[in-house]
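Below: one structure, written as structure tokens.
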Amino acid sequence: MSMIELDKLNEEQKKAVLYNDGPLLILAGAGSGKTKVLTTKIAYLIEQLDISPYEILAITFTNKAALEMKERVDKIIGEKAKNIQISTFHSFGLKILRENYQKLDYDNNFVIMDSDDSLTIVKKILKSLNYDPKIYNPKAIRNKISNCKNELLSPHDYEKYIASDYEKVIGEVYYKYEEKLKQNNAIDFDDLLLLPIVLFKKDKEVLKKYQERYKYILIDEYQDTNEAQYIISKMISAAYKNICVVGDADQAIYGFRGANYKNILNFEKDYPNALSIKLEQNYRSTKTILDAANCVIKNNEKRKEKNLWSTKGIGEKITYYRAYDEKDESHYVAMEIKKLTSNGKDASDIAVLYRTNAQSRVIEEELLKQNIPYRIVGGFSFYQRKEIKDLLAYLKLIYNPKDDISLLRVINIPKRGIGLRTIENITEKADMNGISLFEAIDSGKELKFKNLILSLQQVAESITLTELIDKVLEATEMKKELESEKSIESEIRLENLEEFKSITKAFEERMGLVSLEDFLYEVSLVNDKDEYKDSRNKVSLMTIHSVKGLEYDIVFVVGLEEGIFPHLNSLMSSSETEEERRLCYVAITRAKEKLYLLNARRRVLFGKDSINPPSRFLTEIDENLIDSNKTKETEVKIINKEEVLREENIDYKVGDYVVHENFGAGKVLEVTNSLVTVAFKHPYGIKKLMKNHKSLTKV
């Protein structure tokens with residue numbers, strides 16, 4: 001590590017890098033360069049203190065953030081970076097399980113169930129127990145099981161807390177759910193955190209091995225840790241206590257997922273000799289934006305005092321616009337975006353943030369009307385598309401034939417004439433004999449399916465991953481079925497399957513020759529935030545929860561009204577209102593140059609017309625920081641929004657062919673009161689458009 005690189009750090013950052021003798025708490029404000037500190041610290045440990053890369057464990061919260069950290073460390077120290085364990089908690093948990101599966105009585109080809117698979121299992125259990133899903137909501141039960149696991153409660157532990165008939169049913173389902181996973185040689189996403197703890201408690205020698213292996217532990221976003229993640233951190237670091245945690249209690253916004261921001265507030269109680277360092281210099285935003293953020297967050301009681309400051313200048317005042325209704329609010333946003341882009345600002349530098357997904361509809365409609373390109377961040381994941389889930393189910397079944405959920409998904413895709421009665425017979429036979437569905441198959445059309453999987457299993461051993469995808473698509477006739485449909489929708493699905501091959505190729509190039517096992521585990525850990533979507537010259541629309549970790553030159557925050565933001569559900573609890581305030585702090589600190597805060601006098605949301613007072617968060621901001629239209633409310637007029645619409649109503653029907661002046665020919669998939677959903681050819685795909693927009697013509 002050269003002194004030049006250390007000289008690029010401010011004094012507090014430098015102090016954080018140089019201290020490596022015991023527990024360290026780095027309270028890093030928004031935009032304060034925490035990733036730079038972490039990567040420099042890792043490099044310093046290796047280059048200056050001669051610590052082996054194998055002895056360093058760095059944990060962050062998304063695969064995307066872990067990849068960025070790896071790349072930045074690699075730039076500083078080169079090849080040695082490959083030997084550092086830089087990953088998410090879930091990836092680290094998976095590594096431990098793959099290295100010790102036999103100690104937990106799993107076979108080496110265990111599979112990871114995603115949330116949809118878990119929901120399918122819960123639904124089947126409820127059906128087998130004759131419980132009405134309208135009374136016992138499968139999603140609610142799945143979420144309760146997930147919460148139990150994150151709180152380290154086994155089905156046996158949960159029994160102690162049962163206080164109602166409803167909870168008794170949850171306990172019954174939880175027991176059956178765990179039995180089903182074991183029977184399928186499967187684990188769920190929460191087990192990636194729970195099972196390593198079970199293993200460490202069961203086998204102290206295994207725990208000691210990992211404590212000796214990882215003598216230096218660095219954890220990013222520590223305020224977002226849940227109970228399981230907190231326990232793993234404590235257990236691994238217990239021997240040497242060289243644990244460095246980085247975070248900001250003011251940005252703790254995932255309480256609803258089980259995250260406990262008190263973990264960071266209590267760090268100095270857990271480690272009494274810990275050194276605490278504050279990073280308060282912000283490298284992202286103007287002074288005005290930071291002052292507004294500080295004004296809001298200081299109203300929270302449960303926090304460590306910290307005050308962000310910047311050398312980027314005062315900057316523009318915050319614009320506050322009080323609209324007549326949600327349409328006027330959206331129109332104002334669209335008009336401001338047009339002004340900004342016409343003055344040279346790239347659309348990809350602009351974000352519109354809202355508290356709930358339901359608010360996006362009216363914004364989307366207005367942006368469509370004004371021909372402003374946009375993308376939804378955290379929207380429908382590539383890996384959640386039907387054809388991709390079908391292909392992945394085939395791959396999982398080839399890897400682990402005991403995976404009943406994957407088998408049931410694809411046994412009749414494409415159609416093979418295997419009816420529900422046949423599947424019920426196989427299920428009964430499997431249940432009676434305590435075997436998997438695959439093992440229970442011994443005749444009929446289903447045996448042909450079984451032999452197909454067995455033949456693909458054999459082929460998989462001697463070809464590359466990408467070649468296997470081709471084989472699966474051909475042998476299963478998935479490709480043939482989509483080609484025979486000759487529709488725009490089937491074309492798009494085929495393109496998605498081709499795109500999947502580009503993912504496997506990229507994986508092979510990055511990792512070298514890889515197994516199906518490695519790939520399936522990698523894909524199972526991908527989430528929406530990790531997916532790289534084309535954002536060129538498009539405005540980003542997202543919830544405030546989704547914007548965490550991102551930054552934009554220009555940020556619009558809409559719907560700042562009591563009952564919307566802060567959310568209605570939080571208003572009866574001071575701790576939940578504080579979380580909403582932290583969410584507001586996160587929203588404000590995403591802006592680098594210019595911030596817009598908006599609300600409406602009246603709003604139709606969830607089919608209800610409501611009149612809400614302005615959000616309390618607005619009143620907490622010093623009025624000298626704000627340029628407002630509220631003094632001119634009597635002059636506010638509804639701007640004519642019909643200039644880009646046809647006067648006559650176009651009567652669209654599903655199946656109609658249309659032409660768009662930018663996207664070309666397309667086919668209508670869905671029609672609502674004001675919108676039409678159209679499938680266009682590659683590269684445009686499926687778009688929602690205003691029915692009467694002048695750019696769209698019916699053929």
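Here, residue 1 is the first one in the sequence, and each next residue gets the next number.
What you find for Met113 and Ala186 is that their closest heavy atoms are CE-CB, 3.6 Å. The minimum heavy-atom distance linking Thr464 with Glu508 is given by the pair CB-OE2, 3.4 Å. The heavy-atom pair separating Thr120 from Ile405 by the smallest distance is CG2-CD1, 4.1 Å. Counting all heavy atoms, side chain and backbone alike, Leu583 lies closest to Phe565 at C-CZ, 3.9 Å.
A donor atom on one side chain and an acceptor atom on the other are found under 3.5 Å apart for Ser515 and Asp518. Side-chain atoms of Glu364 and Tyr374 include a donor-acceptor pair closer than 3.5 Å. When only modelled atom types and interatomic distance are considered, Thr225 and Asn263 share a side-chain donor-acceptor pair under 3.5 Å. Between the side chains of Gln359 and Thr356, a donor-acceptor pair is found at a separation under 3.5 Å. Using modelled atom types, one finds a donor on one side chain and an acceptor on the other under 3.5 Å when comparing Gln223 with Glu221.
Looking only at side-chain heavy atoms (C-beta outward), Ile187 and Tyr106 come within less than 4.5 Å of each other. Counting only heavy atoms from C-beta outward, the side chains of Ile388 and Leu497 approach each other to under 4.5 Å. Under the 4.5 Å side-chain criterion, counting only non-hydrogen atoms from C-beta, Lys123 is not in contact with Pro133.
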Mind running side-chain contact (heavy atoms from CB on, under 4.5 Å) on Asn412 and Ile423 for me, showing each step along the way?
-> CA-CA 10 Å; Asn412 217 19; Ile423 292 168; 5.6 Å; no
Can you check side-chain contact (heavy atoms from CB on, under 4.5 Å) on Leu452 and Arg416, steps first, answer last?
-> CA-CA 12 Å; Leu452 169 68; Arg416 296 188 173 89; 3.9 Å; yes
Please test Thr422 against Glu446 for side-chain hydrogen bond (donor to acceptor under 3.5 Å, both in side chains), starting from the C-alpha separation and ending with a verdict.
-> CA-CA 8 Å; Thr422 302; Glu446 59 274 24; 5.1 Å; no
Check step by step if side-chain contact (heavy atoms from CB on, under 4.5 Å) holds for Asn150 and Ser146.
-> CA-CA 6 Å; Asn150 283 320; Ser146 175; 3.8 Å; yes
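Classification of the Tyr394-Phe449 ring pair by plane angle, with boundaries at 30° and 60°, yields tilted. Between His545 and Tyr254, the two ring planes are tilted [angle within 30° to 60°]. Phe519 and Phe500 have perpendicular rings, their planes meeting at more than 60° on a 0 to 90° scale where under 30° would count as parallel.
At most 12 heavy atoms of other shown residues, nucleotides or ligands fall within 6.0 angstrom of atom NZ in Lys176. The environment of Lys202 atom NZ is dense: over 12 non-hydrogen atoms of other residues, nucleotides or ligands sit within 6.0 angstrom. For Tyr161, the OH atom counts as loosely surrounded, since its 6.0 Å shell holds 12 or fewer non-hydrogen atoms of other residues, nucleotides or ligands. Annotation: Lys501, atom NZ; neighbour count of heavy atoms from other residues, nucleotides and ligands within 6.0 Å is above 12. At most 12 heavy atoms of other shown residues, nucleotides or ligands fall within 6.0 angstrom of atom CD in Gln458. Other residues, nucleotides and ligands contribute over 12 non-hydrogen atoms within 6.0 Å of the NZ atom of Lys450. The environment of CG in Asp165 is sparse: at most 12 heavy-atom neighbours from other residues, nucleotides or ligands sit within 6.0 Å. By the 6.0 Å contact criterion, NZ on Lys429 is enclosed, its count of non-hydrogen atoms from other residues, nucleotides or ligands being greater than 12.
Annotation: cation-pi pair Lys182/Phe110 absent, no NZ/CZ under 6.0 Å from the ring centroid and within 45° of its normal. Under a cutoff of 6.0 Å and an axis angle of 45°, Arg582 and Tyr261 form a cation-pi pair.
We find that Glu424 and Arg421 are joined by a salt bridge, their nearest charged nitrogen and carboxylate oxygen being less than 4.0 Å apart. Using a cut-off of 4.0 Å between Lys/Arg side-chain N and Asp/Glu carboxylate O, Arg493 and Glu481 are scored as not salt-bridged. The pair Glu365-Arg361 meets the salt-bridge criterion, since a charged nitrogen lies less than 4.0 angstrom from a carboxylate oxygen. With respect to Glu99 and Lys95, a salt bridge is recorded, a charged nitrogen being found less than 4.0 Å from a carboxylate O. Under the 4.0 Å criterion applied to side-chain N and carboxylate O atoms, Glu580 and Arg355 are assigned as salt-bridge partners.
Asn137 places a side-chain N or O within 3.5 Å of a backbone atom of Ala140 that can act as its donor or acceptor partner.
For Tyr175 and Tyr158, the ring centers are positioned 6.0 Å apart or more.
Checked against Lys180 for a salt bridge (Lys or Arg N to Asp or Glu O under 4.0 Å), the options Asp404, Asp403, Asp117 give a single hit: Asp404.
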